[in-house]
Amino acid sequence: FNLITSTIKNMKKSMALLAFPCRRYRKIHHLNNICRNMETVNINVSIVKCVRSFCSTSKTIPFKLTDIGEGIAEVELMKWFVKEGETINAFDRLCEVQSDKATVEITSRYAGLITKVHHAEGDIVKVGSTLVDIQQKVSTPIQLVSPQNNSTPPTSSSKLQHPSQQIKQHQPVINQNPTTFQDSNPHGTVTTPAVRKLAKENNIDLRLIKGTGPNNRILKEDILNLISSSPTPQKTSPSSPTPHTTPNTPPTVSTSSIPRPKAHSLNSNGIQRVPIRGVKRLMLQSMTKALQVPHLTYGDEIVMDNLITLRELMNSEFTKRFASNGSQKQKSLSYLPLFLKITSVCLQSFPILNATLSEDLTEMLYHSSHNIGVAMASPQGLIVPVIRDVQNKSVFEITQDLNRLMGAAQSNTLNESHFTGGTFTLSNIGSIGGTYMVPVVVVPQVAIGAFGKVQVVPRYTSNPLSGNSTPQPVSIMNVSWSADHRVIDGATMAQFSNQWKILVENPSRMLSDLR
């Protein structure tokens, strides 16, 4: 708005220009009254400085997918929690994305109206791409300023105050003029850059906030509590007539414009094209990289009779432990925790199998912790979460970790920390079926093992008294090992398998190696 001139005529013209934005608040009659009084007296028009009106404007903020770490350049958009036309608050969930590491929920940094959704579920989204457009409403003060050369005393008309001035006395912290916000720290305000950014986005003056953190540090909670407790500016005051206001109705946005996954219909040749998404896409990328590595595979046959007896002895004690810990789903001890512990014992003698290759393939990285990944099926597909520090855990603790991971896998609540840092991998495919398999190494690891199903088959055993061999029913399980043949030779893999076989067939010998 232009400066109001010293003449009543020009001032009336300026007021006429202000009529439209102020009409929604029915405050224009205040300005007209002031102008009529100015016709009879020579008034200092600087009084008009105290007359304000607020016009509601809006701005659209493109919310972009930021870098979520680990060098991830793109993600798959799995699920939307919002749609066009919805109003959201800060920190509300926007969508769920999946990288080659884990599934992550993206939350909003802004409150406002979702005006556009840029991607459909199943799309591949690059880091830096816009996810949604968020419309925010901004209250912009319109300051009426006049020349300063008129010094005539004000009249009684200047006692009229706009309601915004009265409200300002009750809101000393929220700065209604974004242009006057100070991001500097002139008075020694102690806080973090993230808190300063949040305060700046909400036009909050940090100098007027008393922090609740150590050394009066201003925490994010202080800003959020202030935002939630600050009164909403009212458009009326007790001294002024109650205007008839119209509620601000958000613009209607058709939800038909929301991108939807494309339907996969049959073409003229009877072929249906379906994009590879989700866990299948990640498995495609992982296996393509893994099968560029030359593999060696070694298999053997394991007699399970003694381990079956040990498992039956341990089951009664484990049932009591699980019941005391509130676990009702675990009915008995499975073989997998025992296999994990035996594998860890063997890795102490073969640390090269617990190593990983550096990215430039110039070094072997030996790990003191046995972080063993376990391949398991989930509603989303094959996943390999990691059980950490197996060398320091009991069989009972390993079982608890397995139960937690399996529960999280079924509910799709595993995050990136559950998948990173693995040094060895095991696959218990035999719980589904099958005897022999060729497991694929999980790069940059150098070895992996897979177990077939346990089956009772006839085997010849020697009778020490007669010296004759007679067929006996024996519980047999086949085990297969694969290794990166660039750094692991067949002899090393065979020696590791032999020691593993000895401990499974004679589990009491493992006691000497337990820590």
Side-chain angles (χ1 to χ4, degrees), residues 65 67-78 96-104 119 121-129 261-262 264 271-299 353-365 367 371-386 409 412 414-429 432 434 436-450 480-488 490 493:
L65 175 65
D67 185 6
I68 58 178
E70 296 290 333
I72 295 172
E74 63 181 20
V75 297
E76 180 181 352
L77 204 157
M78 303 298 296
E96 182 179 86
V97 299
Q98 185 179 63
S99 67
D100 56 355
K101 302 290 185 181
T103 300
V104 180
H119 300 278
E121 293 179 358
D123 285 356
I124 304 301
V125 183
K126 301 285 186 182
V127 171
S129 301
K262 296 180 180 179
H264 310 301
I271 299 175
Q272 182 183 21
R273 292 182 179 270
V274 180
I276 300 176
R277 294 291 184 264
V279 174
K280 293 184 181 296
R281 183 179 71 92
L282 304 181
M283 186 168 64
L284 174 72
Q285 296 173 349
S286 177
M287 290 298 100
T288 300
K289 182 187 298 183
L291 289 176
Q292 295 175 358
V293 174
H295 280 57
L296 72 86
T297 302
Y298 180 90
L353 297 180
N354 194 55
T356 57
L357 273 172
S358 63
E359 292 184 3
D360 58 1
L361 305 180
T362 60
E363 295 177 316
M364 291 282 290
L365 308 178
H367 304 275
N371 301 331
I372 302 179
V374 179
M376 59 179 64
S378 74
Q380 295 75 37
L382 176 66
I383 58 175
V384 188
V386 176
N412 195 27
L414 293 173
N415 55 47
E416 183 176 347
S417 63
H418 293 111
F419 297 96
T420 57
T423 58
F424 196 92
T425 301
L426 293 178
S427 172
N428 190 23
I429 191 66
I432 300 176
Y436 300 96
M437 67 288 302
V438 181
V440 179
V441 173
V442 179
V443 177
Q445 299 173 23
V446 296
I448 184 175
S480 301
W481 309 98
S482 290
D484 185 342
H485 209 352
R486 297 174 299 178
V487 291
I488 305 298
M493 199 74 256

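Below, all heavy atoms of this structure are taken into account, side chains as well, without hydrogens, waters or symmetry copies.
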Closest approach of [X] and [Y], non-hydrogen atoms and distance?
X	Y	value
A447	V441	N-CG1, 4.1 Å
V442	T425	CG2-OG1, 3.9 Å
H485	H295	CB-C, 4.2 Å
A355	V446	O-CG2, 3.5 Å
T420	V386	O-CG2, 4.1 Å
E76	I124	CB-CD1, 3.9 Å

Would a distance-only check, ignoring hydrogens and angles, find a side-chain to backbone donor-acceptor pair under 3.5 Å from S480 to M437?
yes
With sequence neighbours excluded, tell me which residues meet side chain to side chain donor-acceptor pair (under 3.5 Å) with [X].
X	answer
T297	S482
D484	R486
T356	H367

Return the set of residues passing side-chain contact (heavy atoms from CB on, under 4.5 Å) with L426 (not counting sequence neighbours), or none when no residue passes.
L340, T343, I372, F424, F451, W481
Could you check whether any side-chain heavy atom of V97 comes within less than 4.5 Å of a side-chain heavy atom of V125, counting everything from C-beta outward?
no
Side-chain heavy-atom pair H119, S129 within 4.5 angstrom cut-off:
yes
Only distances under 3.5 Å count here; give the side-chain donor-acceptor pairs of residues 357-364 to other protein atoms, sequence neighbours excluded, each with its distance to 0.1 Å.
{"unit_1": "S358", "atom_1": "OG", "unit_2": "D360", "atom_2": "OD1", "d": "2.7"}
{"unit_1": "S358", "atom_1": "OG", "unit_2": "L361", "atom_2": "N", "d": "3.4"}
{"unit_1": "S358", "atom_1": "OG", "unit_2": "T362", "atom_2": "N", "d": "3.2"}
{"unit_1": "S358", "atom_1": "OG", "unit_2": "E363", "atom_2": "N", "d": "3.1"}
{"unit_1": "S358", "atom_1": "OG", "unit_2": "E363", "atom_2": "O", "d": "3.4"}
{"unit_1": "D360", "atom_1": "OD1", "unit_2": "T362", "atom_2": "N", "d": "3.3"}
{"unit_1": "D360", "atom_1": "OD1", "unit_2": "T362", "atom_2": "OG1", "d": "2.8"}
{"unit_1": "D360", "atom_1": "OD2", "unit_2": "T362", "atom_2": "OG1", "d": "3.0"}

Quick one: salt bridge (charged side-chain N to carboxylate O under 4.0 Å, His left out) partners of E96, sequence neighbours excluded?
none
Can a side-chain donor-acceptor contact be found between N371 and T423 if the only test is distance below 3.5 angstrom?
no
Output the distance between atom CE (M376) and atom CD1 (I429), rounded to the nearest 0.5 Å.
12.5 Å
